[in-house]
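Quick notes on the structure that follows.
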Amino acid sequence: MKPLIVANWKMNPSTLKEAETLFNSVKKGIKDSKKVKVVICPPFVYLPLLSSIISHRPSVKFGSQDCFWENPPTGGGAFTGEVSSLMLKNLGVEYVIIGHSERRKYLNETDETVNKKLKAALKQKLKPVLCIGETEKERKAGRTFNVLKYQLRRDLKSIFNLKSKTLNLTVAYEPVWAIGTGKACGISEAKEVNLFIRKIIGSFSRIIYGGSVNSQNARSFILEAKFQGLLPGSASLNPKEFIGIIKNVS
Ligand code: PGA
């Protein structure tokens with residue numbers, strides 16, 4: 001299975017011009033990388049322009065960083081400020097990050113809303129990347145496995161039961177304490193968590209790692225901890241680092 005590298009640009013950069021420049025540098029650097037699947041997740045506002053640049057280079061795919069849980073028919077979209085998975089699908093977007101810990105923390109994303117968003121995205125045949133992870137406090141209290149199990153059970157409620165072969169779901173293990181801190185999870189600890197998640201979700205979904213991924217540690221997460229991909233945040237905003245990640249896992 002080719003590693004899946006999902007670039008989470010978060011709320012960056014500040015201008016369309018910068019987004020275009022960043023994207024073009026990445027595109028140039030990865031060329032036609034055939035050994036890795038690359039997904040770029042820019043803010044919503046940059047998706048139409050960037051996806052038009054890529055139209056002839058299908059080796060790079062696009063994802064969004066969220067979607068709403070409703071897909072009403074035209075005229076019924078009374079959800080100010082939201083973007084539906086149907087809109088994303090119609091734009092040619094393939095992936096969608098759901099339940100990122102920053103959304104859980106700052107935007108009151110709950111396991112219930114995450115579950116609804118996952119269902120809506122799967123219905124539109126988008127490929128959701130579900131983020132789960134424990135906080136530093138939970139880890140210190142020895143509750144990592146319990147927290148992950150609880151999140152998975154609730155986030156995948158009635159989706160999880162399907163365990164379908166066609167389920168286009170990726171689970172991203174993103175320890176909250178490792179995000180944006182420069183302190184990635186240790187390889188053996190991450191490997192243990194990987195195996196634990198696998199036992200819960202079965203064999204059909206992909207499991208990737210996120211949290212201070214960089215060009216130096218990327219290879220170990222794939223080769224030693226056996227993750228099937230990575231979700232870099234800050235490293236994805238630095239073309240040299242991001243291309244380094246791709247090269248080192250190819
Ligand atoms: P980071 O972010 O790579 O900057 O730690 C990862 C993420 O939040 O998805």
Side-chain angles (χ1 to χ4, degrees), residues 4 6-20 22-23 37-55 58 60-132 151-162 164 166-172 174 205-206 208 210 231 233 236-237:
L4 177 74
V6 184
N8 180 8
W9 285 10
K10 308 193 182 188
M11 201 174 71
N12 298 291
S14 302
T15 66
L16 182 58
K17 187 88 208 113
E18 287 171 285
E20 204 177 350
L22 172 58
F23 181 69
K37 273 191 188 179
V38 180
V39 179
I40 308 286
C41 301
F44 285 130
V45 287
Y46 302 143
L47 276 169
L49 177 87
L50 299 185
S51 52
S52 70
I53 299 177
I54 205 70
S55 54
V60 175
K61 310 284 187 195
F62 281 95
S64 66
Q65 300 169 18
D66 184 38
C67 69
F68 193 51
W69 60 75
E70 293 282 351
N71 277 305
T74 302
F79 301 102
T80 303
E82 294 299 333
V83 174
S84 72
S85 43
L86 177 61
M87 289 173 181
L88 295 165
K89 184 77 189 172
N90 288 338
L91 202 60
V93 170
E94 257 183 63
Y95 290 80
V96 51
I97 297 172
I98 296 180
H100 191 281
S101 62
E102 285 152 13
R103 294 196 60 83
R104 292 181 193 253
K105 182 175 174 191
Y106 300 115
L107 292 138
N108 296 327
E109 193 92 275
T110 64
D111 290 316
E112 287 68 35
T113 55
V114 166
N115 178 254
K116 288 206 266 181
K117 289 179 177 188
L118 283 172
K119 284 178 180 159
L122 286 166
K123 204 167 169 194
Q124 295 306 326
K125 304 222 172 345
L126 291 177
K127 298 172 183 161
V129 178
L130 164 65
C131 298
I132 56 166
Q151 284 181 333
L152 284 170
R153 287 265 149 85
R154 291 167 67 94
D155 295 348
L156 297 177
K157 198 174 163 196
S158 71
I159 300 169
F160 173 63
N161 292 341
L162 297 174
S164 149
T166 53
L167 199 62
N168 267 321
L169 177 79
T170 294
V171 173
E174 293 215 303
S205 302
R206 195 186 269 270
I208 66 175
L231 178 41
S236 73
L237 297 170

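Because the structure is a prediction, the values reported are computed rather than measured. Sequential numbering from 1 along the given sequence is applied to the chain's residues.
- Residues that satisfy the side chain to side chain donor-acceptor pair (under 3.5 Å) test with T80, not counting sequence neighbours, are absent from this structure.
- Partners of N115 by side-chain contact (heavy atoms from CB on, under 4.5 Å), not counting sequence neighbours, listed by chain and number: K119, K157, I159.
- For S101, the side-chain contact (heavy atoms from CB on, under 4.5 Å) criterion is met by V176, I179, not counting sequence neighbours.
- The salt bridge (charged side-chain N to carboxylate O under 4.0 Å, His left out) search around K89 returns none, not counting sequence neighbours.
- Counting only residues at least two apart or in different chains, salt bridge (charged side-chain N to carboxylate O under 4.0 Å, His left out) contacts with residues 69-84 are absent.
- Counting all heavy atoms, side chain and backbone alike, L156 lies closest to L130 at CD2-CD2, 3.9 Å.
- With sequence neighbours left out, F79 forms a ring-ring contact (aromatic ring centres under 6.0 Å, His included) with F68.
- In this view, E20 satisfies the side chain to side chain donor-acceptor pair (under 3.5 Å) rule with no residue, not counting sequence neighbours.
- A donor-acceptor pair under 3.5 Å is absent between the side-chain atoms of S85 and the main chain of C67, judged by distance alone.
- Taking K37 as the reference, nothing meets the salt bridge (charged side-chain N to carboxylate O under 4.0 Å, His left out) condition, with sequence neighbours excluded.
- Partners of S236 by side chain to side chain donor-acceptor pair (under 3.5 Å), not counting sequence neighbours: none found.
- Not a single donor-acceptor pair under 3.5 Å links the side chain of Q65 to the backbone N or O of N8.
- Sorted by first and then second residue, the pairs that involve residues 104-113 and meet salt bridge (charged side-chain N to carboxylate O under 4.0 Å, His left out), not counting sequence neighbours, are R103-E109, R104-D111, R104-D155, E109-K117, D111-R154, E112-R154.
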Candidate pair H100 and E174, rule side chain to side chain donor-acceptor pair (under 3.5 Å), full reasoning: CA-CA 8 Å; H100 191 281; E174 293 215 303; 3.3 Å; yes

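- For L237, the side-chain contact (heavy atoms from CB on, under 4.5 Å) partners two or more places apart in sequence, or in a different chain, are W9, N12, L22.
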